[in-house]
Amino acid sequence: MERMLDYCSVSKMKLVKHLTIFLVVATYSFGSMAQDHPKLILTQEGVKEIRAKMGRLPILDKTLATIKEEVDTAIEQGIDVPVPKDYSGGYTHETHKRNYRLMQKAGILYQLLDDYTYAVYVHEMLKAYADLYPNLPIHPKERSYARGKLFWQCLNDSNWLVYASQAYDCIYDYLSKKERKHLEKNLFRPFADFISIKNPQFFNRIHNHSTWGNVAVGMIALVMEDDALLERALYGIKDVELNTGTKDNDGGFIIEEGKEAGFYANLDEPFSPDGYYTEGPYYQRYAMYPFLIFAQALQNVKPELKIFEYNNNVLIKSVYALLDLSDMDGDFFPINDGQKGMSYYNTSLVNAVDVAYYYGNKDPKLLDIAQKQGTVVLNDAGLSVAKGLKNNQQLPYVKKSIDLRDGPNGEEGGISVLRKDKLELVFKYTAQGLSHGHYDKLSYSFYENGDEVVQDYGLARFVNIEQKGGGNYLKENKTWAKQTVAHNTLVQDQTSHFGAKYEVGSKNHSEHYLFNIEDPKIQVVSGIEKNAYPGTKMHRTMAIIQNKGWQKPIVLDVLQVESDRAHQYDLPFYYLGQLMTLNVPYKAEDTLRPLGGDFGYQHIYKEGSAQLTDDNLKFSWMANNKFYTLTSLATAKDSLIMGRVGASDPEFNLRRDPVLIHRKNDRSNTMYASVLESHGTYSPVTELAVNATSNIKKLYKLYEQDGYWAVGIETVDGRTTVFVFSTLNNTSDKYHSINIEGRELKWKGPFTLINLN
C-alpha cells in the first residue's frame, strides 16, 4: 500500500508546543551523553550564531535560501512513503532517497528559522515510516548480498538512517516523550538492529558499505543516548548479540574471533597514513560523508574521544588526498570502480571541505575550494567557512605532484600524480582496493588541461539510471572494466593480473621504487610488480620531462619485463580522439571479430593490424583540438592491433572507445619504451593547424644491463637527450658510472638527463 498525506494545510500552520523537559544525568561507559538537542551536527551554540549572522554571510544565505525553496516546494506537494519495490533509479527508491534528504534539510530549517512548520513535516514523515516499517518485508529485489527493507540493499537503508538521525536530532526537543518513544520503538531501534545484527555480513566488514552501516547505527545511538548501540557502531557486532549464534539468517556468515570491525576498524584498515583510501577516490568521496558526519557528531557529543586526532589526523589528511586526486577541473581520477565526472562539487565534498577547514587548522587554501563549490553546509563547520570567505581569507589551492602511499601502514604500494604545465600523469601501483579494485598493476592515465588524453575506462555502470540494469553494476564491469586489458598496462598471455581472482589479488600489492620531484623539470615515478603473473617481474618507470627545444613537457614511459619463460605480451594504449597518422602500413578488417574469448579480450573488436617494420612505432592523433604523438621502440617481431571496445556487448553497455595494442610474441625478457608528446593545436574557426607534427625524430635504446637502462631521444632539429636510470639503487647519494658506445656517463642519484649536444 502506498500512502500519500495531504500536507498543504499543515504547511501553513504555525504550531507551538510547550514541552516540559526533564534533564536526567546518567553516566555511561563512554561518558554521559545526556544533553539538549540539537547536538550532533548542528549545536545549540551554532544555531544561535547562524541566526545572528543571517543576512551578513552571502554564501550561507544563498545556501539557506536554496534549501528553503526546495523544502517548501516538497511540503506543498505532500508526503509520500511508498511500499518499496524498485532498484536504484526507480520511483520508490528515488522517493525514499528524496525523503531522507528532505527530512534532514527540514530539520535544519526548523532550527535555524525557528519555524514549527518544518518540525511538523519531519515528524509526520517519520511517523509515516514508523507505521510502514514494522510490517515491512525484505526488499523484493534479490540482487544484493544484504537486502534492505526500504531499499534493495542495506547500504541505502543505512544512508536513510544517517540522514534521518540528523533530522530526529533537530526535532528531538520539539517532540513529546511519548512521540519519541513511538518512533524509537517502531522505527529507529528495529532499523538499527536490522542493518547490523540481522545483516552481519554487511555490518562487520572493512568496506565503504560497512562504514555507512556503522555510522547509521552510531548516529541514532547518539541521538537516543544508547551506549550499547554506540559500542556496536564503534567496534562492530559481538557474537553474543547475534540471535542466530555466529551466523546470519541464511547461515552464511561467521563472526571471526578477534576480527576487527566497526567504525574504528574502517578508519584503521582502508586509509593509508597519507589519507589515501584503498578503494580509490570515487568511493572515498562516497565514504567521506559518513566518516566525517559521524566524526562531527562524536566531536560534539564525545569530545573526549578526540576523533579528529585519531590515527595521526587521518580524517583531515584524507580530505586533502581526495582533493589532490582530482584533475584541473575538480573531477576525480576514475581509479578502480569510478564514474567519470564525479567531482569535488558533490555534496559529500562540500561537507568534507567545510569539516576539514573547521576541525583542521582553518587552512585558507580550503576556502578556495569552498568558493568554487559555491555552497556550504548549514552547521557550525559551514558557518566557519562562510565567515572565512566573507573576510576574504582564501588563498589559491594549488595542486602539486603527489605520491600517496596505500595500506594501513603505507607499505602496500601507492598512487602518484605528476603535474607540469597543465599536464597530469596518474600512475597506479596500489594494493587491490577491496571489492572495487581493478586488476591493473602499474597502469597509468594522462590528462591535459583537465581533459582525458590517455584514459582509464572507469566502471561499467550507469549509476541510478534504471533503464540500464536498474542503475547497478553491469556484468560488463567484471568481464571488461576490471580486467587488465581494459587498462594501460601489461597483459601476459591474454590473462588478467592474478587470473582476475580477488582472493589472490587482495593478498598482493605493487612496490614503491622511486618518487622524485626535486627538479620540477624532471619528475620521476617508478614501481615494481612481482606477483601479477607467477615467474614474471614488471618494473615501470614514468617521467614528465621539460627540456630545451620541446614545445611542452614530454612523458617518458619505460616498462621492463623479466620472466622465467617465454610469453605473449600486450601493452594496450587507450587514446581518446581521432587517428591522424601511423608510420607503418596497416590492414583494416573487413569483418569485425573479438580478439579473444575471456579476460576482457572478448569485448575488443579487432579493427586492423600491422607488422612493425621500423625500429620506432609512431602514432599521431587529435583530441580536444590538440595534437599528440606516441613514439615507441619496436622490432620486426612486434605487431600492432587496432581495436575498439564493444564486442560481445549485445545490450550496448560499453563505450565504443579505440585502443592500440603493442604485441610482442615469444619473449621472456623485453622492454617497452615510449615517449608521449603533446604538440600543436587546431582551430575550427580559423581552420589552421599549428605544430601538427611530432617534434621527435627517433627514440632508441642505448643501454640495458647490470641494473641500468638508458634511452635516447632525438628531435627533428638534431638535439639528442639521454635519460639514464638505475633499477637496483634508488638512493639519492649513490654515484653511478656506465660506458655507452665509448662514452662514459657519470651521475649522482637514481637517474639523470644528459643533453649530448
Which heavy atom in [X] sits nearest to a heavy atom in [Y], and how many Å separate them?
X	Y	result
S510	L442	OG-CD2, 4.1 Å
F332	P281	CB-CB, 4.1 Å
H662	L633	CE1-O, 3.2 Å
G577	A623	CA-CB, 4.0 Å
K618	S694	NZ-OG, 3.3 Å
A321	D274	CB-O, 3.8 Å

If we ignore angles and hydrogens, is there a donor and acceptor under 3.5 Å between the side chains of [X] and [Y]?
X	Y	value
Y601	D570	yes
D403	S416	yes
T727	Q560	no
T731	N729	yes
Q455	Y457	no
N695	T715	no

Between [X] and [Y], does at least one N-O distance fall below 4.0 Å, as a salt bridge requires?
X	Y	answer
R655	D657	yes
D327	K399	no
D557	R540	yes
E714	K698	no
E448	K422	no
D324	R419	no

Hey, is the main chain of [Y] close enough, under 3.5 Å, to the side chain of [X] for a donor-acceptor pair?
X	Y	answer
T489	H487	no
N449	D451	no
N488	Y574	yes
N516	V524	no
N669	S563	yes
D638	L612	no
H603	A647	yes
Q483	K478	yes
N691	G680	no
S737	K746	no

Quick one: are [X] and [Y] in side-chain contact, heavy atoms under 4.5 Å?
X	Y	answer
F619	L640	no
R663	Q494	yes
S526	F725	yes
F515	L418	yes
K482	D337	yes
Q602	T479	yes
V555	I544	yes
Y276	L325	yes

Which of parallel (below 30°), tilted (30 to 60°) and perpendicular (above 60°) describes [X] and [Y]?
X	Y	answer
W747	H736	parallel
H567	Y569	tilted
F751	F723	parallel
H436	Y283	parallel

Does a sphere of radius 6.0 Å around CD in Q705 hold more than 12 heavy atoms from other residues, nucleotides or ligands, not counting ones at 6.0 Å or beyond? yes
Gap separating the [atom1] atom of [X] from the [atom2] atom of [Y], nearest 0.5 angstrom:
X	Y	atom1	atom2	value
I415	F427	CD1	CZ	10.0 Å
Y444	D456	OH	CG	11.5 Å
H509	K530	NE2	NZ	10.5 Å
Q546	I554	CD	CD1	9.0 Å
K548	T721	NZ	OG1	10.5 Å
L582	L660	CG	CG	7.0 Å

Quick one: which of E279, K428, Q432 gives a side-chain hydrogen bond (donor to acceptor under 3.5 Å, both in side chains) with N336? K428
Would K664 count as a cation-pi partner of Y672, with NZ or CZ less than 6.0 Å from the six-membered ring centre and within 45° of the ring normal? yes
Step by step, work out the ring-ring contact (aromatic ring centres under 6.0 Å, His included) result for Y533 and H497. CA-CA 6 Å; Y533 300 109; H497 296 171; 5.2 Å; yes
Can you check ring-ring contact (aromatic ring centres under 6.0 Å, His included) on Y513 and Y429, steps first, answer last? CA-CA 10 Å; Y513 183 76; Y429 61 103; over 10 Å; no
For side-chain contact (heavy atoms from CB on, under 4.5 Å), just list the numbers for L630 and Y575, CA-CA rounded to whole Å, side-chain angles, deciding distance to a tenth of an Å, and then say yes or no. CA-CA 10 Å; L630 179 74; Y575 69 96; over 6 Å; no
Side chain to side chain donor-acceptor pair (under 3.5 Å) between N583 and N616: does it pass, once the steps are laid out? CA-CA 9 Å; N583 71 330; N616 274 190; over 6 Å; no
Test side-chain contact (heavy atoms from CB on, under 4.5 Å) applied to T278 and L434, step by step: CA-CA 7 Å; T278 193; L434 302 180; 3.8 Å; yes
Please evaluate residues D649 and R656 with respect to the criterion salt bridge (charged side-chain N to carboxylate O under 4.0 Å, His left out), reporting the C-alpha separation (whole Å), side-chain torsions for both, the decisive distance (0.1 Å), and the verdict. CA-CA 10 Å; D649 181 28; R656 269 45 183 171; 2.7 Å; yes
Worked verdict on N665 versus K637 for side chain to side chain donor-acceptor pair (under 3.5 Å): CA-CA 7 Å; N665 279 308; K637 295 181 180 180; over 6 Å; no
Hey, mind stepping through K340 and D331 against side-chain contact (heavy atoms from CB on, under 4.5 Å) and telling me if it holds? CA-CA 7 Å; K340 296 184 179 184; D331 292 348; over 6 Å; no
